[in-house]
Amino acid sequence: MQQMALLSVELVVLPSVVLLIPLYLYIKSRRSNHNPLLPTNWLILGVLPSIAANRHSFHDFVTSVLTTTKLNFRVRGPPWTNMRLFLTCDPENVRHIFTRNFANYPKGGGFAAVFGTLEGTIFTADGEPWRRQRTRIHHVFTRPSFLAFMSCTCRDKVARGLLPLLSRMAAAGAPFDMDDMLGRLVIDMTVMLVFGEDPRCLSSAGKPATTMPVAAAMDAVMEVAFFRNAVPTPLWKAMRCLRIGPERKVAAAEAVLRGFVSEKIRRRIAGGEPAAAAVHVDILSHYIDDPDCYSDGARRREPTDFMLRTFINFMVALRDPVGAALPWLVYSLATHPRVVAAAREELAPVAASRRRTSSSPAGGGEEAMEVVFEPEELQGLVYLRAALLESLRLYPPGPIERKAVAADDVLPSGHAVRAGETVLVPVYSMGRMESVWGEDCREYRPERWISEDGARLRFVPSYKFLSFNTGPRSCLGKGIAMAQMMTVAAAVAWNFDVEVVEGHAVEPKLSVVLQMKNGLMVKVKRRGGWCDMSR
Ligand code: HEM
């Protein structure tokens with residue numbers, strides 16, 4: 001009996017003491033050097049508990065860490081992982097990584113794995129395959145016929161879809177989700193530009209629309225991508241195999257996206273023409289006759305897997321950032337009446353040159369009774385553009401940029417990075433750094449973009465304002481996105497007063513796209529009489 005008791009002391013107590021003493025000393029040492037504003041690096045779980053505890057305000061948590069650490073912070077994952085992250089929002093580091101030493105900071109295999117659905121496309125590719133795709137897409141996006149089609153699609157959707165719907169909402173006086181409404185508008189514009197078809201999600205607002213599951217699938221893929229960025233690779237890969245947690249949704253979402261683009265491509269192959277206005281202009285028209293896009297070459301029956309992924313990528317590139325940015329812009333305007341008043345003052349001469357129209361044009365659809373601005377006539381408006389840039393600074397649609405480190409390097413800040421590490425640039429945090437944007441960095445103040453005399457936009461280097469990325473991989477759709485967003489913002493701000501419903505919590509969702517978690521509940525009122533407005 002006595003021997004048994006001794007044995008249990010040897011087997012249980014001694015090993016526990018041996019294990020617990022170093023653990024205790026480790027925790028004690030961490031606590032004593034530990035700044036409470038920084039995440040604790042736990043022995044087994046690394047910083048994962050801090051990430052989990054701060055998931056509800058993740059971007060603000062990262063912002064406060066980077067403020068405390070003066071723009072740079074190194075994160076080691078748990079010892080059982082190879083997670084080595086360097087976070088920076090120092091503009092000089094950003095310039096070095098994205099431009100000056102661009103070749104040393106590819107997207108890398110980790111990025112492609114996180115965005116598995118888009119593997120091989122321009123968004124995830126590096127080197128020559130990326131360069132080839134960029135050249136081709138640049139050619140498509142800069143063709144005057146494509147830009148004219150974009151303008152016309154955008155203007156029509158605003159005139160025949162958005163404004164009549166907002167008028168109905170104003171008449172009803174009931175609160176509604178502006179985020180959902182703008183989401184429908186953007187998916188309609190996207191499918192028009194990519195496939196030349198109007199899915200009419202906006203006209204079915206309030207009811208389920210057939211294309212909305214595609215939007216939901218894109219959201220699911222982006223939420224999972226966020227999760228994959230935040231946790232060690234072996235963990236999410238294991239969860240993917242077991243189909244648990246956020247990983248559970250990926251396969252179904254991918255199937256929806258592939259089914260959608262595949263159906264559109266096959267329909268076109270089978271002779272279905274796009275809407276008259278889109279013939280030879282939409283993005284699909286530039287790929288449909290390319291034998292390289294088909295596994296059976298010139299017979300053009302089987303789109304390759306790469307073609308399907310390329311078109312999913314187009315859907316994501318056009319829809320996600322604009323769909324995320326517009327609700328934040330409307331929110332920024334709705335909560336800053338002073339800015340809306342200044343924007344209206346700038347719009348007044350343009351509005352004065354418009355005629356009120358009540359016609360119901362051929363082709364169906366309601367034409368707005370309100371003022372509709374043409375994208376071209378808004379191009380030179382300095383204040384409206386500044387209001388949009390300011391919203392993109394505070395609410396960048398891509399809140400985090402990710403790069404791999406190919407070879408050891410030293411950043412301008414003096415920090416060394418090693419091959420195999422990952423650099424994360426929290427773009428959201430960068431817009432909220434006093435050392436980058438000044439003491440009023442958290443304020444929505446379009447004036448910071450405008451020259452003293454109010455006539456021009458100030459020059460702001462893109463390595464400081466990273467919302468459209470900087471360097472050789474900067475956004476190829478910036479001009480298109482700005483034109484679309486200014487057209488929508490001008491129409492809403494000129495014709496309606498927007499009020500966010502009291503008590504509605506506006507906060508970002510945890511995703512690689514900065515969407516709103518709870519939508520944007522608002523009430524709208526039509527502004528006075530047309531005659532008053534145009535004075
Ligand atoms: C508010 C709107 C938009 C924002 C803030 C935005 C931002 C960005 C950012 C940050 C990137 C770099 C992503 C990365 O490499 O990690 C990017 C790339 C890209 N964007 Fe945009 N984008 C917007 C709209 C658009 C639109 C409307 C289009 C197409 C018409 C577009 C086409 C592209 C393409 C093709 C790339 C890939 C460039 C490359 O890797 O070489 N974007 N965009």
Side-chain angles (χ1 to χ4, degrees), residues 94 97-99 102 105-108 110-112 114-115 118 120-143 146-147 149-151 153-154 182 186-187 189-194 222 225 229 282-283 286 310-329 375 385 388-404 422-428 430-431 462-463 465-489 512-515:
V94 168
I97 293 163
F98 287 75
T99 308
F102 174 73
Y105 297 92
K107 294 266 178 126
F111 187 96
V114 160
F115 292 95
L118 304 176
T121 63
I122 184 169
F123 192 51
T124 63
D126 284 307
E128 206 35 48
W130 159 70
R131 206 178 303 276
R132 262 201 314 274
Q133 294 183 66
R134 186 165 171 102
T135 307
R136 182 172 194 175
I137 295 171
H138 179 257
H139 172 72
V140 175
F141 286 177
T142 49
R143 281 174 75 120
F146 179 72
L147 294 173
F149 177 51
M150 179 278 295
S151 278
T153 305
C154 177
L182 294 172
V186 175
I187 197 122
M189 294 195 300
T190 300
V191 181
M192 280 295 284
L193 290 184
V194 179
M222 294 302 149
N229 267 311
D282 61 357
I283 298 176
H286 293 272
T310 298
F311 275 86
I312 295 175
N313 190 42
F314 278 127
M315 290 287 295
V316 168
L318 272 77
R319 177 262 179 182
D320 278 0
V322 178
L326 272 175
W328 288 112
L329 173 61
R385 190 172 287 268
L388 173 49
L389 293 171
E390 179 69 345
S391 179
L392 288 167
R393 177 182 74 84
L394 287 170
Y395 305 107
I400 300 179
E401 275 294 326
R402 174 181 171 142
K403 292 281 194 179
T422 299
V423 175
L424 296 179
V425 180
V427 185
Y428 176 96
M430 203 166 164
S462 54
Y463 55 84
F465 171 62
L466 204 61
S467 297
F468 287 102
N469 214 346
T470 180
R473 287 198 90 132
S474 58
C475 176
L476 280 173
K478 181 177 175 186
I480 294 173
M482 291 296 286
Q484 289 178 329
M485 292 188 289
M486 283 176 73
T487 308
V488 175
V512 292
V513 181
L514 198 83
Q515 293 167 324

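Whatever order the structure lists ligands and atoms in, that order sets their numbers, starting from 1.
- Protein heavy atom closest to atom 14 (C) of ligand 1, with residue, atom name and distance, is Lys107 NZ, 3.1 Å.
- Proximity to Ile480 (heavy-atom distance under 4.0 Å) selects the following atoms of ligand 1: 30 (C).
- The contact set between ligand 1 and Phe123, taken as ligand atoms under 4.0 Å from a residue heavy atom, comprises 13 (C), 14 (C), 16 (O).
- Among all protein heavy atoms, the one lying closest to atom 37 (C) of ligand 1 is Ile122 CD1, 4.0 Å.
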Point to revise | Evaluation steps, salt bridge (Lys or Arg N to Asp or Glu O under 4.0 Å), between Arg473 and Asp126 | key: CA-CA 10 Å; Arg473 287 198 90 132; Asp126 284 307; 3.3 Å; yes
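- Listed by chain and number, Cys475 SG are the protein N/O/S atoms closer than 2.8 Å to atom 21 (Fe) of ligand 1, with waters left out.
- By the 30° and 60° cut-offs, the orientation of the rings of His286 relative to His139 is perpendicular.
- Between Arg134 and ligand 1, an N or O atom pair is found at a separation short of 3.5 Å.
- Because its NZ or CZ atom is both nearer than 6.0 Å to the ring centre of Phe123 and within 45° of the ring axis, Lys107 counts as a cation-pi partner of that residue.
- The option from Pro397, Gly398, Ser467 that lies nearest to atom 7 (C) of ligand 1, judged by heavy atoms, is Ser467.
- Proximity to Leu318 (heavy-atom distance under 4.0 Å) selects the following atoms of ligand 1: 29 (C), 30 (C).
- Between Phe115 and Phe111, the ring planes lie tilted relative to each other; the angle falls in the 30° to 60° range.
- Shown here for Gly120 and Ala125, the closest heavy-atom pair between the two residues is O-CB, 3.9 Å.
- Nearest heavy-atom pair across Phe468 and Ala481 is CE2-CB, 4.5 Å.
- Using a non-hydrogen distance threshold of 4.0 Å, Phe314 does not register as a contact of ligand 1.
- Panel note: side chain Ser151, backbone Pro375; no donor-acceptor pair is recorded below 3.5 Å.
- For the pair Gln133 and ligand 1, no heavy-atom separation below 4.0 Å is found.
- Counting heavy atoms under 4.0 Å from ligand 1, residue Arg402 does not touch it at all.
- Atom 40 (O) of ligand 1 has as its closest protein heavy atom Arg473 NE, 3.2 Å.
- Checked against the 6.0 Å centroid threshold, Phe98 and Tyr105 do not count as a close aromatic pair.
- Separation of the Phe102 and Trp130 ring centroids falls under the 6.0 Å cut-off.
- Residue, atom and distance of the protein heavy atom nearest to atom 1 (C) of ligand 1 are Met485 CE, 3.4 Å.
- Within the 3.5 Å criterion, the main-chain N or O of Leu392 finds a donor-acceptor partner in the side chain of Ser467.
- Closest approach of Pro327 to Gly323, counting heavy atoms only: CD-O, 3.0 Å.
- Taken to the nearest 0.5 Å, the CD atom of Gln484 stands 6.0 Å off from the CE atom of Met150.
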